[in-house]
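Here the structure comes first, spelled out in structure tokens, and everything after it is commentary.
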Number of protein chains: 2
Amino acid sequence: METLPGKTVERLSQYRRSLLSCLENGRDYIFSHDLANLHHITAVQVRRDLMLLGYSSVYRKGYPVRKLIEEIGKTLDSSEGQNAAVVGMGNLGTALAHYLSGIRPNLNVVASFDINPAKVGTLINGVPCHHVTALQKVIKEQNISIGIMTVPQDSAIEVADELGKTGIKGILNFTNISLNVPEGIYLEEYDMITSLEKVAYFVKKLGE
Amino acid sequence: METLPGKTVERLSQYRRSLLSCLENGRDYIFSHDLANLHHITAVQVRRDLMLLGYSSVYRKGYPVRKLIEEIGKTLDSSEGQNAAVVGMGNLGTALAHYLSGIRPNLNVVASFDINPAKVGTLINGVPCHHVTALQKVIKEQNISIGIMTVPQDSAIEVADELGKTGIKGILNFTNISLNVPEGIYLEEYDMITSLEKVAYFVKKLGE
DNA sequence: AATCAGGTGTGAATTTATTAACAAATATAG
DNA sequence: CTATATTTGTTAATAAATTCACACCTGATT
């Protein structure tokens, strides 16, 4: 299938989690406008996203939840499974190891890295922590394709270079500096400071 | 001035931090394409953002860094200063208290909240931690306008409601469920799971 | 001082994302 | 069994974001 727009991918990921919790609540069908309300968007947006998925509901009593989850999975998930690693097990890394562990059966956080000897060799939130010097080795051995960077700003560039050499395929960067990665590596960056400043700006503006 | 698009605000926040580090390195002027390279965008984008700021550089030897920082500040910063609080001092909240403290002279994280008695009453990363029951009181007393939510999923809705009642003006939500907040409160949400799934999707796609 | 090389600001064009509008379809009520 | 009220899929319209293209400016160079 065609590659979906990033925005649509984001929403599909979110729809799926809403749908999973619908299932838990015993709800088997859901209308586009209900799904929309859960995400502060319009029903048209939902339908359009599902259209891009190639899925269409025959029934007019809403989308069958179970089936929809399955369809989203067909598009988002990799059949072979994907492994991720967190680099930098400070508070943020530790939080991520926890939140991101086992979100999906075939997307797992299987390793983490740090330089603190007190952490190396232990299990943090269920994820084994290795010394950063073992980056190359562990990433290759465990077939890790995604690196999540939560190291201090000062070591960000160095770690990114190191990660680049491991043959990793994607990097999710929480460091507040923008990285340069080799062609062929997908890079997604998120900056918390920016988010806070953005909220601050709009709060200020709303108050004017 | 007109309210800027959110995307522009985000970039301005990021430009500013790059500019600050330019200053530290003793660089007084910077070209639009240099600033662009630092952020993986085009020079036109940078110039257009600055155009929206209403700022224009008379010189053709680049933008004067110090002046530009000042101009961005005039637009982004609130003159009276703004206070923020982190609700939920688990690993993520603790990390945020650290990262977000003192980013700007007039945007401060001045309080945090938790229910864990071991944390309440202490200073975490320099930020005093209160019991959640003191939410109303502390937020009013300290004139806090921004709430940062890092509580567990299960208490998210309840805490958001509670926050809504305090008269807070903006919420930055890191919980992985989408909140409903009263009209007049600016809401910004970020979902780490979505980011990871997005990276996973594009990594999969690039490999096809 | 005249030319040139390299930046800048911005209207116009393009691309991307969202919303409106509506025909087609089907559950539900009578 | 028919009419009605809803919901869906999709085309067309709109809005938002980005890029192109180019005139204009200025500092450096000859």
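This structure is a prediction, so every number in the text was calculated from the model and none was measured. Each chain gets a letter, A, B and so on, in the order the sequences are listed, and its residues count up from 1.
A sub-4.0 Å separation between OP1 or OP2 of D:dG9 and a side-chain N or O of A:Tyr63 is present. The phosphate of D:dT7 has neither OP1 nor OP2 within less than 4.0 Å of any side-chain N or O from A:Ser32.
In this structure, A:Asp34 places its CG atom 8 Å from P of D:dT7, rounding to the nearest Å. One atom, CZ of A:Phe31, and another, C1' of C:dA25, lie 14 Å apart when rounded to the nearest Å. Taking atom NZ on A:Lys7 and atom C1' on D:dA15, their separation rounds to 13 Å, with Å as the unit. One can place NZ of A:Lys61 at 7 Å from P of C:dT28, the figure rounded to the nearest angstrom. Spacing between atom CG of A:Leu4 and atom P of C:dA17 amounts to 11 Å, rounded to whole angstrom units. Atom CD of B:Glu10 is separated from atom P of D:dT18 by 10 Å (rounded to the nearest Å). Spacing between atom CG of A:Leu35 and atom C1' of D:dT7 amounts to 14 Å, rounded to whole angstrom units. One interatomic measurement links the two molecules: CD1 of A:Ile30 to C1' of D:dT8, which rounds to 15 Å at whole-angstrom precision.
Side-chain N/O atoms of A:Glu188 and A:Tyr190 include no donor and acceptor closer than 3.5 Å. Side-chain contact, A:Thr8 with A:Asp49: a donor N or O sits under 3.5 Å from an acceptor N or O. The closest side-chain donor-acceptor pair between B:Glu189 and B:Ser178 falls under 3.5 angstrom.
Between A:Leu35 and A:Cys22 the shortest side-chain heavy-atom distance does not fall below 4.5 Å.
Near DNA chain C, defined here as any heavy-atom distance below 4.0 Å, the residues from residues 36-51 of chain B are B:Val44, B:Arg47, B:Arg48, B:Met51, listed numerically.
Ring geometry for A:His39 against A:Tyr15 counts as perpendicular: the plane angle is over 60°, on a 0 to 90° scale with 30° as the lower cut.
Ring centers of B:Tyr29 and B:Tyr63: at least 6.0 Å apart, outside the cut-off.
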